[in-house]
Participant: 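Quick one: structure below, then a few questions.
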There are 2 protein chains.
Amino acid sequence: MAKDQIQEACKNCSEEINSFCSILCEHPEVQKSCITFKKGQLLFHEDTNPKGVYCINSGKIKIYKTSLDAKEHIISIVGTGALIGFAPIIAEGTHEISAKALEECHVCFISRKDFLKVLQTSPELKLKLLKEACKRNGGIIESLFNIAVRPVKDRLAVCLLMLKEVYNNSNTASPVEINLTREEISSIVGTSAETVVRLLKEMERDNLIQITGRKILITNEAKLFKIGKIY
Amino acid sequence: MAKDQIQEACKNCSEEINSFCSILCEHPEVQKSCITFKKGQLLFHEDTNPKGVYCINSGKIKIYKTSLDAKEHIISIVGTGALIGFAPIIAEGTHEISAKALEECHVCFISRKDFLKVLQTSPELKLKLLKEACKRNGGIIESLFNIAVRPVKDRLAVCLLMLKEVYNNSNTASPVEINLTREEISSIVGTSAETVVRLLKEMERDNLIQITGRKILITNEAKLFKIGKIY
DNA sequence: TCTAAAAATTGATTAAAATCAATTTTTAGA
DNA sequence: TCTAAAAATTGATTTTAATCAATTTTTAGA
């Protein structure tokens, strides 16, 4: 970890009681580091040994996997409150996925050693992680199923709704605009950027969304739900 | 649970120490049931409330998901030693997946209530489940990635190798023959049965496998590994 | 504000794999 | 063993979506 990335302290990272961050950071034996990742910076790369866990305090991070021929698939996009990097520590393996900042991110880093110390002593953390892991499992299975049996358009609808949720938790009342590149959206959906462009245009024609440059605004959520067959 | 499914007791279900089954079944407060599922019988169906967990003592079970239009995707095939059904109990939701016996299966059923009782009191179980959940996560992410970015033939190679592993743990020294229908294989790979037939034939021509009726015998594992790009 | 670079868009073409429609083979029970 | 039903196989056709190749627009910095 480069020295200049480490900050004095993150002010309100433990505000939310019972969050991953507060459980970990408020533990007497934990020596955390507050790190700022700039847009495009890598938190960790797949197939490497896990150095520790990361609590996301602000910003969005993409969780993805790449193939040797540089094809990328985005598994999820996570934001404030998420804890990432723990699975390979617990499973005693290497990182299954890579994590990269999509925008400037403030993160608490807790070393593997400290994390395991808390894990041993805290039934609360164990249970919370177990619940988190089980929920994630369900989510990934859903994605796997969708990509295996459903057409691109349905998956794009699901993707847009997911993105709306992810970018929603800001406290502004303004409508959520999706501002990822077509390439990134295609890596979530599992298709090509050109196909995303064509389908988005079709959706705009059907008044499901509104496109302004790169930005996408959802205007008919109900219909998107129907296409995505989300109940 | 139909009465006639419940057996006297399963003799050696807790033989393997520290297995899920022994941790759960040997707990003083647990009242387990030993159940035999016939080939084709359902253990539980997606979207239903979880009644309890199932330790597989013998036989193979397919874990899958279906769409409204009856398209099926097999997530995994599990056998002896596996514990299934716990995720929705912990995540406090409904079953994300369905589970069906591929052959006659002997299973210990532990009710949700009993399972939660053990979970509260056993840090050992909590940690073991957490590890299991994290490992599964990695596996599903791998599948998701493969289906998102890799061609059918590569995925079929991965599938055959997976099946070899799954059907391997019998104690016989005889070579492992894969004996699923083409339809089932296609539901694992995420393709059509016809495509599976054509690719299997191609693999036979290239001396990777040997086909006898429905049965597939792997004859060149190394080459399959190469196609599947498994390290 | 200006500008090079990145991204989006569009149309044409190709490729991969699905679907359809028989036909043959295999399998699981009776 | 025999036999109906299920599954596998095969070839032809279609569909979906990828890829390719420009061109236009937008964006992120200088």
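Chain naming here is simple, since letters A, B, ... match the order of the sequence lines and numbering starts at 1 in each.
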Participant: Who passes salt bridge (charged side-chain N to carboxylate O under 4.0 Å, His left out) against A/Glu183, sequence neighbours left out?
Facilitator: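 For A/Glu183 there are no salt bridge (charged side-chain N to carboxylate O under 4.0 Å, His left out) partners, ignoring immediate neighbours.
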Participant: DNA chain D: A/Lys71 or A/Thr212, which has the more 5' nearest nucleotide?
Facilitator: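 Closest to the 5' end, via its nearest nucleotide, is A/Lys71.
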Participant: Rounded to whole angstroms, how far apart are CD on A/Glu194 and P on C/dT13?
Facilitator: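 A/Glu194 atom CD is separated from C/dT13 atom P by 16 Å.
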Participant: Does anything in residues 147-162 of chain B reach DNA chain C, meaning a heavy atom under 4.0 Å, and if so which residues?
Facilitator: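 Only B/Pro151, B/Val152 qualify.
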Participant: Given atom CD1 of B/Ile216 and atom C1' of D/dA8, what is their separation to the nearest angstrom?
Facilitator: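 Answer to the nearest Å: 11 Å.
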Participant: Side-chain N or O of A/Arg198 less than 4.0 angstrom from OP1 or OP2 on D/dA17?
Facilitator: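 No.
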Participant: In chain order, what residues pass the salt bridge (charged side-chain N to carboxylate O under 4.0 Å, His left out) check against A/Arg182, with sequence neighbours excluded?
Facilitator: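 Testing A/Arg182 for salt bridge (charged side-chain N to carboxylate O under 4.0 Å, His left out), a comparison that skips the adjacent residues, returns none.
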Participant: Is the distance from OP1 or OP2 of C/dA18 to the nearest side-chain N or O of B/Thr191 less than 4.0 Å?
Facilitator: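 Yes, within the criterion.
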Participant: Of the options C/dT9, C/dC20, D/dA8, whose atoms approach the side-chain atoms of A/Arg182 most closely?
Facilitator: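 So the side chain of A/Arg182 is nearest to C/dT9.
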Participant: Measure all distances between protein nitrogen or oxygen atoms and nitrogen or oxygen atoms of nucleotides 28-30 of chain C, and list the pairs falling under 3.5 Å.
Facilitator:
none

Participant: Whether A/Ser192 contacts D/dT19 is assessed here as follows: a side-chain N or O lying under 4.0 Å from the phosphate OP1 or OP2. Is that the case?
Facilitator: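 Looking at the OP1 and OP2 atoms of D/dT19, neither is under 4.0 Å from any side-chain N or O of A/Ser192.
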Participant: Please name all residues satisfying side-chain contact (heavy atoms from CB on, under 4.5 Å) with A/Ser22, sequence neighbours left out, ordered by chain then number.
Facilitator: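 Applying side-chain contact (heavy atoms from CB on, under 4.5 Å) to A/Ser22 gives A/Ser14, A/Ser19, A/Glu26.
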Participant: Who passes side-chain contact (heavy atoms from CB on, under 4.5 Å) against A/Lys71, sequence neighbours left out?
Facilitator: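 side-chain contact (heavy atoms from CB on, under 4.5 Å) list for A/Lys71, sorted by chain: A/Ser67, A/Asp69, B/Val149.
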Participant: Just verifying a value: how many Å separate B/Arg150 CZ and B/Leu156 CG, rounded to the nearest 0.5 Å?
Facilitator: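 These two atoms lie 11.5 Å from each other.
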Participant: Establish, with yes or no, whether the OP1 or OP2 oxygen of C/dA16 is under 4.0 angstrom from a side-chain nitrogen or oxygen of B/Thr195.
Facilitator: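 No, because none of the side-chain N or O atoms of B/Thr195 sits under 4.0 Å from OP1 or OP2 of C/dA16.
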Participant: Please report, rounded to the nearest Å, how far the C1' atom of D/dT27 is from the CD atom of A/Glu184.
Facilitator: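 Atom-to-atom, A/Glu184 to D/dT27, this comes out as 13 Å.
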Participant: Any side chain to side chain donor-acceptor pair (under 3.5 Å) pairs touching residues 204-225 of chain B, not counting sequence neighbours?
Facilitator: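 Qualifying pairs: B/Lys164-B/Glu221.
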Participant: Using 4.0 Å as the upper bound for N to carboxylate O, is an ion pair formed by A/Arg136 and A/Glu132?
Facilitator: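 Salt bridge: yes.
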Participant: What pairs meet the salt bridge (Lys or Arg N to Asp or Glu O under 4.0 Å) rule with one or both residues in residues 33-49 of chain A, with sequence neighbours excluded?
Facilitator: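 Sorted pair list comes back empty.
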Participant: Can you list every stem that DNA chain D is part of, counting only runs of 3 or more consecutive Watson-Crick or G-U wobble pairs with both distances under 3.5 Å?
Facilitator: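 As far as DNA chain D goes, consecutive pairing (with distances under 3.5 Å) yields the stems C:1-30 with D:1-30.
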Participant: If you draw the axis of the six-membered ring of A/Tyr167, does the NZ or CZ of A/Lys60 fall within 45° of it and under 6.0 Å from the ring centre?
Facilitator: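 Yes, a cation-pi geometry.
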Participant: Could you state the atom-to-atom distance from CG of B/Leu180 to C1' of D/dA6 in whole Å?
Facilitator: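 So the CG-C1' distance, B/Leu180 to D/dA6, works out to 15 Å.
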Participant: Rounded to whole Å, please give me the gap between CD in B/Glu204 and P in D/dA8.
Facilitator: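 To the nearest whole Å, that distance equals 15 Å.
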Participant: With sequence neighbours left out, write down each residue that passes side-chain hydrogen bond (donor to acceptor under 3.5 Å, both in side chains) with B/Glu194, or none if nothing qualifies.
Facilitator: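 Counting only residues at least two positions away or on another chain, B/Glu194 forms no side-chain hydrogen bond (donor to acceptor under 3.5 Å, both in side chains).
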Participant: How would you label the contact of B/Glu183 with the nucleic acid (heavy atoms, under 4.0 Å): base, sugar-phosphate, or nothing?
Facilitator: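 B/Glu183: backbone/sugar contact only, no base atoms under 4.0 Å.
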Participant: Atom CG of A/Leu199 to atom P of C/dA8: distance rounded to whole Å?
Facilitator: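 Roughly 15 Å, once rounded to whole Å.
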Participant: Whole angstroms only, please: what is the CD1-C1' distance between B/Ile178 and D/dA7?
Facilitator: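 After rounding, the reported distance stands at 17 Å.
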Participant: Could you work out, with side-chain contact (heavy atoms from CB on, under 4.5 Å) as the rule, every residue matching A/Ser187, not counting sequence neighbours?
Facilitator: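 Only A/Glu72, A/Ile74 meet the side-chain contact (heavy atoms from CB on, under 4.5 Å) criterion with A/Ser187.
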Participant: Given D/dC20, C/dA8, C/dT19, which nucleotide is nearest the side-chain atoms of A/Thr181?
Facilitator: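 Out of D/dC20, C/dA8, C/dT19, the nucleotide with an atom closest to A/Thr181's side chain is C/dA8.
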Participant: Not counting sequence neighbours, which residues clear ring-ring contact (aromatic ring centres under 6.0 Å, His included) with A/Tyr64? List them please.
Facilitator: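 With sequence neighbours excluded, A/Tyr64 shows a ring-ring contact (aromatic ring centres under 6.0 Å, His included) to no residue whatsoever.
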Participant: Nearest-Å distance, CD1 (B/Ile211) to C1' (C/dT24)?
Facilitator: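 It is 16 Å, rounded to the nearest whole Å.
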